[in-house]
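I have placed the structure first, in the form of structure tokens, so that the comments after it can refer back to it.
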Amino acid sequence: MLDQKIAQDVIFQGLSLGADFCDIFIEKNFVDSIAINSSKVKDIKSGVDFGIGIRLIFGTQSLYGYTNSARKEDLLELTKTLGAQYNKKIDNIPSLSFKTFNPTLINAVSNLEKPTEYKVSKLLELNDLTRKQSNLIEQVNINLLQRRQEVEVFDSEGLHMNDIRPYCRISSSAIAKDGTEQASGSWNPGVRGGYQFVEDLDFNWIADYTAKKAVTVLKAKPCPAGKMPVVIDNGFGGVIFHEACGHSLETTAVEKKASVFWDKKGEMIAHEALSAVDDGTIDNLWGSLSCDDEGMQTQKTQLIKNGKLENFLCDRLGHIKTGHPRTGSARRESYKYAPASRMRNTFIEAGPHSLEELLSSMGDGLYAKSMGGGSVNPGTGEFNFSVEEGYMVKNGKIQEAVKGATLIGRGEEIMKDISMVGNNLDFAAGICGSVSGGVPVTVGQPAVKVDQILVGGNA
Amino acid sequence: MRQEVLDKMNDLISYAKDAGADECDVISSKGESLSLSAQNGAIDKFNVAGSSSIGIRVIKDNKVGLSYTESMDVDALKFAAKKAVENSVCVGESPFESIKLENKQNLKEKKINNPTSLEEKKEFTLALEADVKKRDSRIQTVPYNGLSERTVEKYYLNSKNTHTFQNDHYYSCYTSALINDGKKSSMNYHSSIAKTFNDLDKNNCVDQSYQHALNWLDATSVETGRYNVIFTPDSFEELFGCFGGVFSGKAAMEKNNPFEEKVGKIVGHKELIITDSPRFKEAFSEYYFDDEGFDQEDLCLLDKGELKTFYHNTKTASFFNLNTTARAARGSKSALGVSGTNIVIHSGSTEESNLLKDKYIEIHSMQGLHSGAKFMSGDFSFAASGYLKENGQVLRPIKGITVAGNFYNMLKNIAQIGNIQHGSTHRSFFTPLIKFSDMSVAG
């Protein structure tokens, strides 16, 4: 996308101004979306984002700027503005030549060229199926997002990398209404890949799942509040690890000592039943990448093994500041953000137990069948996340549905309170927001049992 | 520069007309920003940015199509125009959506004066870290701090010769304190926003960050039960924001609004009056016209508990057979929607000192708002920190609690509304203190 000669001149200018390192991130992003509401097409949007980010690193300081212009003079001016902070002048910068890095490509679900009319008819089919599930379904909202992100990176170590990242995600939400009460149930799967993903979906299953969830929550009673054992089921339940621990293992927090785990590498930070990884190399997964946003091949990173902290997630600046090895985890929402260490596909590895064993060992407590989102303060480890669909459990047996539950606690504590891990590992797509914007991530886990956690609900 | 942007917008409209559009309007957004942060006594991040985007909405045969681009060359603009027209083909007819306003010019250009040197901004940023660290040897780090300066411009142009322009320039800063005494840790942060650099309240950011972090270091939770609860203006703004969509005419039209059929009905306490006020005298931002070019005036949303109207644009108003309330909202990359301006909750009849008399929990900070609120049902459950208080005096700090309830029921079951109005930190939300009794708190 960017002429190599211009890239050379920009990097030469950055190094001439005294930078220890310089990289250029070029991004072109093609976006298409279709939204369905009230059994009609609500809107169809298309767009093209384009921009270039330039980063200079002086010691541990990062200087970053971006522009929509690819003109050489604009890029040199931006570099000059950044470098002027140090007011240095270095002569005899050796000439730079780029070597193109061809990473091992992570597979993506194939794209299927279908006209917009066809895609609209498929989404309306899902709309109709969902409405047929129950008379209580009042509204159905469906969104299809297809995105193709083209990325190019040049750096002052001679790296040149191109990557193409296709994304496809469908969000389907059913709203149930009974008198004045309303509740919703949603399903939002996404993949690294193209439209074939939608063709392969089981629309009957999605319609049944979202409608049933909306009706269940509609009829649910308020969840009782207090401390109790909780079994969190698989898939999006992995948001618990993502929030309670994952963010605290990113060097973005570790480098500032704003993580409760910043000095715990090699120590037991979790129950010995728990092992967790962040793996950017899994074919077709929403959070997978061939290369990260610094042009490094992504990898599988063992974060926790049998309770012991093995690795952090680290980008270039995190490496400079902490000495931890880079893990191909440098990510950003777009050229508008400097890269930062971020999660990719993060999950608790499967254990030996069935879901029934987890529930029966719990006695009385809460079964969180599906989770909503959450957030964490990495500095204190305090996290929270919501339960979308939950059930009370008595003597190990699932009872009535409950709503309005939130789980809160501290990462250090809950990691030690996960005492049983199930064998039904599954994944779910999400968008994670943090210092470098919102990036596609996968969360995942098998069902886990937490011995005790504070449940916010109806006191 | 303004003429250059206008020329591109006119070109885009011409290309869309050439591609078959009946009518169209174009939004262009431009922004420049500078941001700095400090770590360990040095500036560790320095970001400068300039960006622009242009988005078009076309109407062809009563169908609407949308597209945008961040590239401004002729080919990119022609492609955007063509895609918008193509997109309109697959959309059903939209009899309520049209481009109405003709021959209007409304330009609100602020002169931007930036006398502050970069060195002053760097010193200020370094002080955001250093001043917190000076407060206490137990401050482990000041993990998040920064200064930002932003200039934004927004242009609207339609094919009926209506053109609006508004720009703004402002500063913001924030800092944080992470205190660790070896066994426990606690963190808080606070921000400030101002039109001029000198009006940024750094000292208050430092005080608030440090003082609450210190207070919450030894805080504990409360017993699970029902409590009187009062939200600070900032935390009530956050809670209100989770459910503010009930005033959306667009959500009502799309049957995604639990107040869809409640206009003219009582949905709140008899003393509750809420106004959307574009130019409220104490507000940070002033709004003059919406994103269809219509002039904005005060809009009464709730009067003595009765829902009076929604935020409407011309499309949602037409759907409900009403006039627009001039609350159209559209960015260069988004479809036509609605949004409010400054929210003003009017003062009530209870002396504030009386409202604070009994024992209550003051909710100061909440986490998990994006996931713990269910808009359609009104149910929410958030992690929270605050203070147990009586007569306005702190009995003890509390943290590690959840506060839960149903927002729509809360509006009806308000115990008392205070007689003094307070503004939130960002001066976009104004409210008296409101006491809610019998709220569910878990600890």
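Quick note on labels: first sequence line is chain A, next is B, and so on, each numbered from 1. Everything numeric here is computed off the predicted structure, so don't read it as measured data.
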What do the steps show when you test A:V254 against A:F261 for side chain to side chain contact (heavy atoms under 4.5 Å, CB included), and what is the final call?
-> CA-CA 7 Å; A:V254 171; A:F261 301 125; over 6 Å; no

Stepwise ring-ring contact (aromatic ring centres under 6.0 Å, His included) check, A:Y66 with A:Y335 = CA-CA 7 Å; A:Y66 65 80; A:Y335 67 88; 5.6 Å; yes

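Interface residue A:L78: only side-chain heavy atoms are found under 4.5 Å from chain B. Both the backbone and the side chain of A:N68 come within contact range of chain B, judged by heavy atoms closer than 4.5 Å. Residue B:K374 touches chain A through its side chain alone, counting heavy-atom pairs closer than 4.5 Å. In this structure, chain B has no heavy atom under 4.5 Å from any part of A:K40. Contact of B:D379 with chain A is made through the side chain alone, with heavy-atom distances under 4.5 Å. The part of B:Q39 that comes within reach of chain A is its side chain, from C-beta onward, which places non-hydrogen atoms under 4.5 angstrom from that chain. Residue B:T69 touches chain A through both its backbone and its side chain, counting heavy-atom pairs closer than 4.5 Å. If you measure heavy-atom distances from B:K122 to chain A, the contacts under 4.5 Å come from the side chain alone. The part of A:Q139 that comes within reach of chain B is its side chain, from C-beta onward, which places non-hydrogen atoms under 4.5 angstrom from that chain. Neither the backbone nor the side chain of B:I179 comes within contact range of chain A, judged by heavy atoms closer than 4.5 Å. Neither the backbone nor the side chain of B:Y227 comes within less than 4.5 Å of any heavy atom of chain A. For B:I43, the parts sitting under 4.5 Å from any heavy atom of chain A are the backbone and the side chain alike. In this structure, chain A has no heavy atom under 4.5 Å from any part of B:V64. Contacts between A:N29 and chain B at a heavy-atom distance below 4.5 Å are absent for every atom of the residue. Proximity to chain B (any heavy atom under 4.5 Å) is restricted, for A:S38, to the side chain, taken from C-beta onward. Heavy-atom distances place the backbone of A:V455, and not its side chain, under 4.5 Å from chain B. Looking at B:Q140, the atoms closer than 4.5 Å to chain A (heavy atoms on both sides) all sit in the side chain, from C-beta outward. Proximity to chain B is limited to the side chain of A:L454, based on heavy atoms less than 4.5 angstrom apart. Contacts of B:A80 with chain A are absent, with no heavy-atom separation under 4.5 Å from either backbone or side chain. Residue contact with chain A, scored on non-hydrogen atoms closer than 4.5 Å, is absent for B:F375. Heavy-atom distances place no part of A:R55 under 4.5 Å from chain B, backbone and side chain included. For a residue to count as touching a neighbouring chain, one of its non-hydrogen atoms must lie under 4.5 Å from one of that chain's; by this rule B:A42 does not touch chain A. If you measure heavy-atom distances from B:E261 to chain A, the contacts under 4.5 Å come from the side chain alone.
Of all the listed residues (B:S381, B:G405, B:S67, B:S186), the one sharing the greatest number of non-hydrogen pairs under 4.5 Å with chain A is B:S381. Of the listed residues A:L218, A:N141, A:N384, the one with more heavy-atom pairs under 4.5 angstrom with chain B than any other is A:N384. Between chain B and the residues A:K45, A:E243, A:K28, the most heavy-atom pairs under 4.5 angstrom are made by A:K45. Note on B:G443, B:G50, B:S71: by heavy-atom pairs under 4.5 Å with chain A, the leading option is B:G50. Contact count versus chain B (heavy atoms, under 4.5 Å) is highest, among A:G409, A:S173, A:A405, A:G456, for A:G456. Note: B:T141 leads B:V89, B:L36, B:T141 in heavy-atom pairs under 4.5 Å with chain A. For the set A:K257, A:E181, A:Q85, A:E117, the entry with the most heavy-atom pairs within less than 4.5 Å of chain B is A:Q85. Taking chain A as the reference chain and counting heavy-atom pairs below 4.5 Å, the highest number among B:A383, B:S88, B:S51 is found for B:S51. Of the listed residues (B:E86, B:M187, B:M253), the one with the most heavy-atom contacts under 4.5 Å to chain A is B:M187. Interface summary for chain B: among A:L82, A:T81, A:V120, A:T60, the most heavy-atom pairs under 4.5 angstrom belong to A:L82. The residue among B:N406, B:D73, B:N256 with the most heavy atom pairs within less than 4.5 Å of chain A is B:N256. For the set A:N377, A:L317, A:V217, A:V239, the count of heavy-atom pairs under 4.5 angstrom toward chain B peaks at A:N377.
Evaluated for a side-chain contact (heavy atoms from CB on, under 4.5 Å) with B:V441, the options B:I363, B:T402, B:I401 yield exactly one hit, B:I401. Partner B:S385 forms a side-chain contact (heavy atoms from CB on, under 4.5 Å) with one of B:H212, B:K399, B:M366 and no other, that one being B:K399.
Taking the six-membered ring wherever Trp is involved, the centroid distance between the rings of B:F380 and B:F407 does not fall below 6.0 Å.
Salt-bridge annotation for B:K333 and A:D49: present, with a side-chain N of the basic residue lying under 4.0 Å from a carboxylate O of the acidic one. Under 4.0 Å is where a charged nitrogen must lie from a carboxylate oxygen, and between A:R332 and A:E27 no such pair does. Taking the charged nitrogens against the carboxylate oxygens, B:E70 and A:K336 do have a contact shorter than 4.0 Å, which makes a salt bridge. The residues B:D181 and B:R138 are annotated as not salt-bridged, no charged nitrogen and carboxylate oxygen being separated by less than 4.0 angstrom.
When all heavy atoms of A:F383 and A:I453 are compared, the pair lying nearest together is CZ-CD1, 4.0 Å. Taking all atoms of both residues into account, the shortest heavy-atom contact from A:F58 to A:G83 is CZ-CA, 4.4 Å. B:I56 and B:A84 get closest at one heavy-atom pair: CG2-CB, 3.8 Å.
A donor-acceptor pair shorter than 3.5 Å can be found between the side chains of A:S370 and A:K213. Between the side chains of A:S184 and A:Q182, not a single donor N or O lies within less than 3.5 Å of an accepting N or O. Inspection of the B:S37 and B:N145 side chains reveals no N or O donor paired with an N or O acceptor under 3.5 Å. Neither side chain, A:T252 nor A:E250, offers a donor N or O lying under 3.5 Å from an acceptor on the other. A donor-acceptor contact under 3.5 angstrom links the side chains of B:N87 and A:S46, judged on distance only. Side chains of A:S39 and A:N127: a donor on one and an acceptor on the other come within 3.5 Å.
One distance of note links OG of A:S375 with CD of A:E382; it measures 10.5 Å at 0.5 Å rounding.
Here B:K133 pairs with B:E129 under the salt bridge (charged side-chain N to carboxylate O under 4.0 Å, His left out) rule; sequence neighbours left out.
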